[in-house]
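Sharing a structure with you now.
These numbers were taken from a predicted model, which means no experiment stands behind them. Both ligands and their constituent atoms are indexed starting at 1 by order of listing.
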Amino acid sequence: MKTRCGYVAVIGKPNAGKSAFLNKIIGQNLALVSHKANATRKKMNFILPYKDKEASSQIIFVDTPGLHHKEKLLNQFMLKEALKAHQDSDLILFFTTPKEGLDSYKEFLDLSCGGIERFENFTLTPKPHIILLNKIDLISQDDLLKLLAKFQKYQDKFLAIIPFSVKKEQGIDTLLKVIHQALPEGAHLYDEDDLTTSSLREIYAELIRESIFENLSDEIPYESDVHIEKVIEGRDLIKIFAKIYVQKTSQKAMVIGKQATTIKRIGKMAREKIQALGDEKIYLELNVFVQKWTKDKDILKKFGYDFDL
Ligand SMILES: Nc1nc2c(ncn2[C@@H]2O[C@H](COP(=O)(O)OP(=O)(O)OP(=O)(O)O)[C@@H](O)[C@H]2O)c(=O)[nH]1
Ligand SMILES: [Mg+2]
């Protein structure tokens, strides 16, 4: 049997449902999902097998931060992550939603056809792409057909357009089949059991960050970061010691909350999310620190947001 293997960059505007989709197809909540935009900060690989009579594929999906433009250094890093994933991929899965209409797709085509100034003058090689029209549970069948007709004007540009809903799980098999057929031939790069190339520490940090997104509003989720300081693995118990960094003392007070109620809520939620990954019991200790980390390239680098990579 032939083997195929390739990288599929999952690219689109913030909040389109990229990370939720990837969690759904691998069957585990490993990536941070939030109703707030700009949740994903770094690339994350998800590995999925697919097989038909002729070939077996290893599809390596790359989750990326949503395409957006903001002046802050961290946002620039995030944009670069997405553009790098685009460059390094064999195929693009372009995520959009009915609300975006054709706008973000047109912007994506401009971007893929040589780079536009707004995106840091990145020059990108055009790649074959599939459009995934997500969140179709939010529109009527009539409106969906009208929108699909509009996309058809661009049919010479894309391999396929797949209406989809993470909420309803429609369309997964059609999508995987199209990706499988478009992947280059090649040996599988990872073990069959691997779901991701991220370490457990990275996943723990993302799930704690997700709990911060769920429990705090305004700028705090965007100005906080989580580092795993120490993990002690026992037979039935994993002890995780994590640090939450915020920019200001006032934010530290809000993360902790009156009588530590907020930090306890964040901790409980994160512990439950981590617990759901395996059978072991989880002990989670969170400590909050103040450090102005978002505006300094060297500190960002120390925090794992390395612009030079
Ligand atoms: N109704 C509906 N909501 C969805 C669907 N897919 C995702 N969502 C929701 O959309 C929100 C954004 O999902 P994410 O997966 O975090 O979006 P993202 O594209 O990864 O966003 P960034 O990481 O900010 O780029 C979450 O609240 C999801 O639950 C869908 O098919 N239907
Ligand atoms: Mg995301």
For Glu81, does its backbone N or O pair with a side-chain atom of Lys42 as donor and acceptor, under 3.5 Å? no

Is Gly66 close to ligand 1, meaning an N/O of one under 3.5 Å from an N/O of the other? yes

Check this for me: does any side-chain nitrogen of one of Glu107 and Lys13 sit under 4.0 Å from a carboxylate oxygen of the other? yes

Min N/O separation Phe164 to ligand 1 under 3.5 Å: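 No, there is no polar N/O contact under 3.5 Å.
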
Report the nearest protein non-hydrogen atom to atom 5 (C) of ligand 1: residue, atom name, distance rounded to 0.1 Å. Lys135 CG, 3.6 Å

Report yes if some heavy atom in the side chain of Val8 is under 4.5 Å from a heavy atom in the side chain of Asp90; otherwise report no.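 No; the side chains remain at least 4.5 Å from each other.
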
Give the residue and atom name of whichever protein heavy atom lies nearest to atom 2 (C) of ligand 1, and the separation in Å to one decimal. Lys167 CG, 3.4 Å

Can you tell whether the side chains of Lys273 and Glu210 come within less than 4.0 Å, N to carboxylate O? yes

What salt bridge (Lys or Arg N to Asp or Glu O under 4.0 Å) pairs are there with at least one residue in residues 253-262, not counting sequence neighbours? none

Looking at Thr64 and Ala82, would you say the former's side chain and the latter's main chain have a donor-acceptor pair under 3.5 Å?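 No.
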
Does the N or O separation between Val166 and ligand 1 drop below 3.5 Å for any pair?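 Min N/O separation from ligand 1 is below 3.5 Å for Val166.
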
By number and element, which atoms of ligand 1 are closer than 4.0 Å to a non-hydrogen atom of Thr40?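 By the 4.0 Å cutoff, the relevant atoms are 23 (O).
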
Any nitrogen or oxygen of Asn15, main chain or side chain, under 3.5 Å from a nitrogen or oxygen of ligand 1?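 In this structure, Asn15 places an N or O atom under 3.5 Å from an N or O of ligand 1.
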
Any carboxylate oxygen within less than 4.0 angstrom of a Lys/Arg side-chain nitrogen, looking at Arg271 and Glu285? no

Are Phe303 and Tyr245 near enough that their ring centres are under 6.0 Å apart? yes

Looking at every heavy atom in both Ile203 and Met44, which two are closest together, and how far apart are they? CG1-CE, 4.0 Å

Under 4.0 Å from a heavy atom of Ser19: which atoms of ligand 1 are those, numbered in the order shown and with their elements? 15 (O), 20 (O)

Over 60° means perpendicular and under 30° means parallel, so classify the ring planes of Tyr50 and His180, tilted if in between.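 Correct class here is tilted.
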
Counting only heavy atoms, which portion of Asn134 has something under 4.0 Å from ligand 1: side chain, backbone, both, or neither? side chain

For Asp137, atoms of ligand 1 separated by under 4.0 Å from a heavy atom: 1 (N), 2 (C), 30 (C), 31 (O), 32 (N)

N/O of Leu138 under 3.5 Å from N/O of ligand 1, yes or no? no

Please give me the protein atoms (N, O or S only) lying under 2.8 Å from the Mg ion (ligand 2), ordered by chain and number. Ser19 OG, Thr40 OG1

Under 3.5 Å, is there a donor on one side chain and an acceptor on the other for Glu202 and Ser199? yes

So which heavy atom in the protein is nearest atom 28 (C) of ligand 1, and how far is it from that ligand atom? Val33 CG1, 3.9 Å

Would you call Arg4 and Glu185 a salt bridge, using N to O less than 4.0 angstrom?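 The answer is no: the pair does not qualify as a salt bridge.
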
Are the side chains of Phe158 and Tyr105 in contact, using a 4.5 Å heavy-atom criterion?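 Yes, at least one pair of side-chain atoms sits under 4.5 Å.
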
For Asp156, is the CG atom crowded, meaning more than 12 foreign heavy atoms sit under 6.0 Å from it?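 Yes - once you tally the heavy atoms of other residues, nucleotides and ligands closer than 6.0 Å, there are more than 12.
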
What atoms in ligand 1 come closer than 4.0 Å to a heavy atom of His35? 27 (O)

Is there at least one pair of N or O atoms, one from Lys36 and one from ligand 1, spaced under 3.5 Å apart? no

Could you identify the single nearest non-hydrogen protein atom to atom 14 (P) of ligand 1 and state the distance to 0.1 Å?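 Closest protein heavy atom to atom 14 (P) of ligand 1: Gly17 CA, 3.8 Å.
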
Does ligand 1 come near enough to Ile136 that some N or O of the ligand is less than 3.5 Å from an N or O of the residue?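 Among all N and O atoms of Ile136, none is under 3.5 Å from an N or O of ligand 1.
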
Below 4.0 angstrom from a heavy atom of Ser34, which ligand 1 atoms are there? Numbered from 1 as shown, please. 11 (C), 12 (C), 13 (O), 16 (O), 26 (C), 27 (O)

Any side-chain heavy atom of Tyr7 sitting closer than 4.5 Å to one from Asp88?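 Side chain of Tyr7 against side chain of Asp88, heavy atoms only: no contact under 4.5 Å found.
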
What is the closest protein heavy atom to atom 19 (O) of ligand 1, and at what distance does it sit? Lys18 NZ, 2.8 Å

If the cut-off is 4.0 Å to any non-hydrogen atom of Asn38, which atoms of ligand 1 fall inside it? 24 (O)

N/O donor-acceptor pair under 3.5 Å between Thr294 side chain and Glu223 backbone: no

Hey, which atoms in ligand 1 end up nearer than 4.0 Å to a heavy atom of Ala20? 7 (C), 15 (O)

Report yes if some N/O of Thr64 lies less than 3.5 Å from some N/O of ligand 1; otherwise report no.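 No.
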
